[in-house]
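A short write-up of the structure that comes next.
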Amino acid sequence: MNRNTTSGGATAAAVALGVFLALLAAGCASPQSHVVSAGFTGRLGEAKRVGVAVADAQIYRLEAAGGLVWDAAGSGTCRERLQRAVAREVAGRGLIAVELTVDDEVQALLKEYQQARGAILDPFAASGGQIAGVAPLPAAVRVASREALDAVVIVSGRDHVSTAGRQAMMGALLLLGVVGGKGLAYADLALIDPSGAVLFYDRKRGSQYNLTREDDVGNVCAELVGDYAQAKPAAP
């Protein structure tokens, strides 16, 4: 549910930007794009049903004057595309993708995941790249049991896209030899097993992605799911 209000919009945008920059900083700590838990085996075994949910989807517009405005409609579209694209990638690997509706239980799971994500990001700065110190997510157990799921995949995406006015200004600056471009995009994905353990976490970031474009959303989700397919168990 959108909880932004007119009076609190600027504060909400500032907080979201701070989180976004923290995610980018963590992502820049290591060239490896993913981390796995000690229990990660590199496959889902006999898994058949995989739930797909979106923790966060935020699109911000960069204005010509330098302002940052949250795009409610763009964020909603991005959320739908992220869930659909990941479900398509999961189904393409012979599994049953279940697009989860956000009810109270799923909302609780997403909240637990968002709280744990900071701890998940820490291993990027350490050698080995293992997920450690992250407690199982109780809501994941409940959701997996209720929906008869063998795993849950949670995806997020954020982007900062220039408005037409800013694009025109940047075009003029480019003609003058000043380098510029769109803001950075960030997308991540986690896989959680029925016990609530986060087994795999991956992220992509850069200006080459534009999460307002359906093709780009599909491409980044294909990369995230593809990284899972190629990931190897953590070194002992």
Side-chain angles (χ1 to χ4, degrees), residues 1-2 16 19-20 23-24 27 32-36 40 42-44 47-61 70-103 106-107 109-111 113-114 117 120-121 137 140 143-144 147 149-161 182-193 198-231:
M1 179 182 294
N2 173 25
V19 173
F20 174 79
L23 291 171
L24 283 178
Q32 178 175 299
S33 73
H34 66 268
V35 287
V36 299
F40 179 76
R43 59 186 176 84
L44 283 175
K48 297 296 182 183
R49 289 171 56 85
V50 177
V52 180
V54 181
D56 190 29
Q58 302 290 340
I59 300 295
Y60 292 90
R61 299 287 177 177
W70 180 63
D71 183 345
S75 297
T77 299
C78 181
R79 175 178 293 273
E80 294 173 359
R81 289 173 173 173
L82 283 168
Q83 187 169 36
R84 189 163 58 241
V86 171
R88 183 170 60 246
E89 291 298 320
V90 169
R93 285 164 170 76
L95 302 170
I96 299 171
V98 180
E99 296 187 32
L100 298 174
T101 300
V102 181
D103 56 16
V106 174
Q107 186 63 51
L109 167 57
L110 298 179
K111 183 177 180 180
Y113 167 68
Q114 290 171 323
R117 185 160 50 181
I120 296 171
L121 286 167
L137 310 182
V143 171
E147 302 291 338
L149 300 174
D150 301 299
V152 177
V153 170
I154 298 179
V155 63
S156 302
R158 294 174 183 241
D159 203 354
H160 295 68
V161 182
K182 71 174 287 296
L184 293 173
Y186 184 97
D188 63 14
L189 177 147
L191 184 137
I192 304 165
D193 74 7
V198 181
L199 297 183
F200 173 88
Y201 176 86
D202 192 18
R203 80 281 184 271
K204 303 292 179 183
R205 77 279 186 201
S207 59
Q208 71 271 31
Y209 305 111
N210 185 333
L211 299 187
T212 66
R213 297 175 181 169
E214 189 166 11
D215 286 350
D216 278 11
V217 172
N219 290 338
V220 75
C221 289
E223 291 179 23
L224 290 167
V225 176
D227 281 355
Y228 168 79
Q230 297 177 21

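All values derive from a computational prediction rather than experimental measurement. Note: hydrogens, waters and symmetry copies are ignored here, and every other heavy atom, side chains too, is used.
Across all non-hydrogen atoms, the minimal contact from Ala231 to Val36 is CB-CG1, 4.4 Å. The two atoms that bring Gly74 and Ile59 nearest to each other are O-CG1, 3.6 Å, heavy atoms only. Between Ala97 and Ala91 the shortest heavy-atom distance is CB-N, 4.3 Å.
Taking CG from Leu189 and NZ from Lys204, the interatomic distance works out to 10.5 Å, rounded to the nearest 0.5 Å. For the atom pair CG of Asp159 and OH of Tyr60, the computed distance is 11.5 Å after rounding to the nearest 0.5 Å. Rounded to the nearest 0.5 Å, atoms CD1 (Ile192) and CZ (Phe200) are 12.5 Å apart. Here Arg203 contributes atom CZ and Ser156 contributes atom OG; the two are 14.0 Å apart, rounded to the nearest 0.5 Å. Atoms CD and NZ, from Gln114 and Lys111 in turn, are 9.5 Å apart once rounded to the nearest 0.5 Å. Between the CZ atom in Arg79 and the CG atom in Asp56 there is a gap of 6.5 Å [rounded to 0.5 Å].
With sequence neighbours left out, the side-chain hydrogen bond (donor to acceptor under 3.5 Å, both in side chains) criterion links Thr212 to Asn210. Considering only residues two or more places apart in sequence or on other chains, Arg49 meets the side-chain contact (heavy atoms from CB on, under 4.5 Å) condition with Ile96, Val98, Ala148, Leu149, Asp150. Applying the side-chain contact (heavy atoms from CB on, under 4.5 Å) test to Arg84 and every residue at least two apart in sequence or in another chain returns Glu80, Arg81, Arg88, Glu214. Legend: residues meeting side-chain contact (heavy atoms from CB on, under 4.5 Å) with Asp103, ordered by chain and number and at least two apart, are Glu105, Val106, Arg146. For Asp193, the side-chain hydrogen bond (donor to acceptor under 3.5 Å, both in side chains) partners two or more places apart in sequence, or in a different chain, are Ser195. For Asp216, there are no salt bridge (charged side-chain N to carboxylate O under 4.0 Å, His left out) partners two or more places apart in sequence or in a different chain. Residues meeting the side-chain hydrogen bond (donor to acceptor under 3.5 Å, both in side chains) test with Glu223, sequence neighbours left out: Tyr209. Listed by chain and number, the residues in a side-chain contact (heavy atoms from CB on, under 4.5 Å) with Ala187 are Val220, Leu224 (sequence neighbours excluded).
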For the pair Leu100 and Val152, evaluate side-chain contact (heavy atoms from CB on, under 4.5 Å) and give the outcome as yes or no after the intermediate values.
CA-CA 9 Å; Leu100 298 174; Val152 177; 4.3 Å; yes
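Residues Val153 and Val225 form no side-chain contact, since every pair of their non-hydrogen atoms from C-beta on lies 4.5 Å or further apart. Side-chain contact check for Ile154 versus Leu109: some heavy-atom pair is nearer than 4.5 Å. Side-chain contact between Leu211 and Tyr186: absent, with no pair of heavy atoms (C-beta onward) separated by less than 4.5 Å.
Residue pairs satisfying the side chain to side chain donor-acceptor pair (under 3.5 Å) criterion with at least one member in residues 93-102, sequence neighbours excluded, are listed as follows: Glu89-Arg93.
Between Tyr201 and Phe40, the distance separating the two ring centers is not shorter than 6.0 angstrom.
Distance alone, capped at 3.5 Å, places no donor-acceptor pair between the Asp202 side chain and the Asp227 backbone.
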